[in-house]
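Working notes, beginning with the structure itself.
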Amino acid sequence: MASPTVDIHTHIYPSSYIRLLSARSSTPYIYAPADPAECPRLIILPTDDSPSLPPSSRGRPIDGTYTSAAAKVAFMDQHGISASVLSLANPWLDWLDPSSGDPAAVARDINDDLNAVCALHPGRLWCFATLPLSARPESIVAEIRRVKGLPFVRGVIVGTSGVGDGLDDARMDPLWEALEQEGLPVFVHPHYGLPSEVFGPRREESGHVLPLSLGFPLETTIAFFRMYLAGVFSRFGGLKVLLAHAGGAVPFLAGRVQSCVRHERSSLPALARAGGERESVWNVLDKNVWLDGVVYSAAGLRAATEAVGKDKVLWGTDHPFFPPVDGKGEGEWESVRTNVDAVREAFRDDENGARGVLGMNAIRLLGLKLGPGEGGTLE
Ligand code: 5CU
């Protein structure tokens, strides 16, 4: 039997979330054109809502690939994907204003919705829950405890803003504690990118290329190293984080961060007073970090594997983003093929390593029990 293929990075907007965005008119929102023959538009990134464009051209068309479990499973069948771990796509609930509703109740609806979607395809679909990060800390922790009991939830997804000031904020500690206690891995995913000015005065000429290819992964990179510097992984030694897009530049820059930490004059006296050494970046990568394989190159995958170990890199697609550029979804998606080929090339002489990245590592990390016959056929 072929080895199973598991997609760890695949998004969906369940109906409860679509209702929320459809009721809004500022980012994030869904624009419904007056002509019902036209596709509604999903406007989630700040750069999506440019006043220079008519609303009917802003963002991207949102079709069933973003919202429907049947479309997800059709995509999986088309690509030989045995199982998928669904997550709500950005910007999650980060933007919810607690003064105009109860974020915890909204998160409960979305997580129940996600769990129900997975229940339609047992043995093929699981999910990462979303957290009501603008709710009171007790409510966020209560939702972490509650989703642990939902049969298809295998972790949570968070953006990099945390409860407002980033994932290194001490106010995140009760959340890390609960996630560590419940054994729920945390999928850290970007949304905010970098300030647009860093991309220079001609940035508009290349559209979303710089924010998506560099802004997103560098956002994740910075979020992770801020967590490291704040000692999150020393305080919560059992915390498991899965970093999106192979951790961005984390594998490449870990050594430099480690060196700068060793030489940072301002922290040397404090460390000496504390009688010790800061835990090394490499130790944290070894014990706390998993990376997805959504990096589109063998070179990137090799770096990811070097940084965290070949049993801790997990393949994914980023579906429904990056669809075929010809607008036809029926054939194989080039973005999927590129990520499969990267595994094949990086693990040319290591069939077991390839099997691990393509599926077995996810099965092990998340305790997935695939249905009979779900061997997968991705080659
Ligand atoms: O293309 C995009 O905008 C995105 C996005 O917003 N989120 C994501 O996960 N991938 C691509």
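Basis for what follows: all heavy atoms, side chains included, without hydrogens, waters or symmetry-related copies. Numbering starts at 1 and runs along the sequence shown. Counting starts at 1 for both ligands and their atoms, following the listed order.
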| query | Looking at atom 4 (C) of ligand 1, what's its closest protein heavy atom, distance included? | reply |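 Its nearest protein heavy-atom neighbour is Phe321 CD2, 3.4 Å.
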| task | Identify, for atom 6 (O) of ligand 1, the protein heavy atom at the shortest distance, and state residue, atom and that distance. | result |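 Nearest protein contact, heavy atoms only, for atom 6 (O) of ligand 1 is Asn90 ND2, 3.0 Å.
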Could you list the atoms of ligand 1 found under 4.0 angstrom from a heavy atom of [X]?
| X | result |
| --- | --- |
| Leu45 | 3 (O) |
| His11 | 9 (O) |
| Ile44 | 6 (O) |

| Within a reach of under 6.0 Å around CZ of Phe252, are more than 12 heavy atoms found that belong to other residues, nucleotides or ligands? |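 Result for CZ/Phe252: open.
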| said: More than 12 heavy atoms of other residues, nucleotides or ligands under 6.0 Å from CZ of Arg348: yes or no? | reply: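 12 or below, so no.
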| message | Please compare His9, His189, Arg60 and report which has the shortest non-hydrogen distance to atom 3 (O) of ligand 1. | response | Arg60
| query | What heavy-atom pair brings Leu291 and Pro251 nearest, and what distance separates the two atoms? | reply | CD1-CG, 4.0 Å
| field | Passing option when Trp315 is tested against Ile8, Asp292, Leu358, Val294 for side chain to side chain contact (heavy atoms under 4.5 Å, CB included) | value | Leu358
| request: Find the distance between SG (Cys39) and OH (Tyr31) and round it off to the nearest 0.5 Å. | output: 12.5 Å
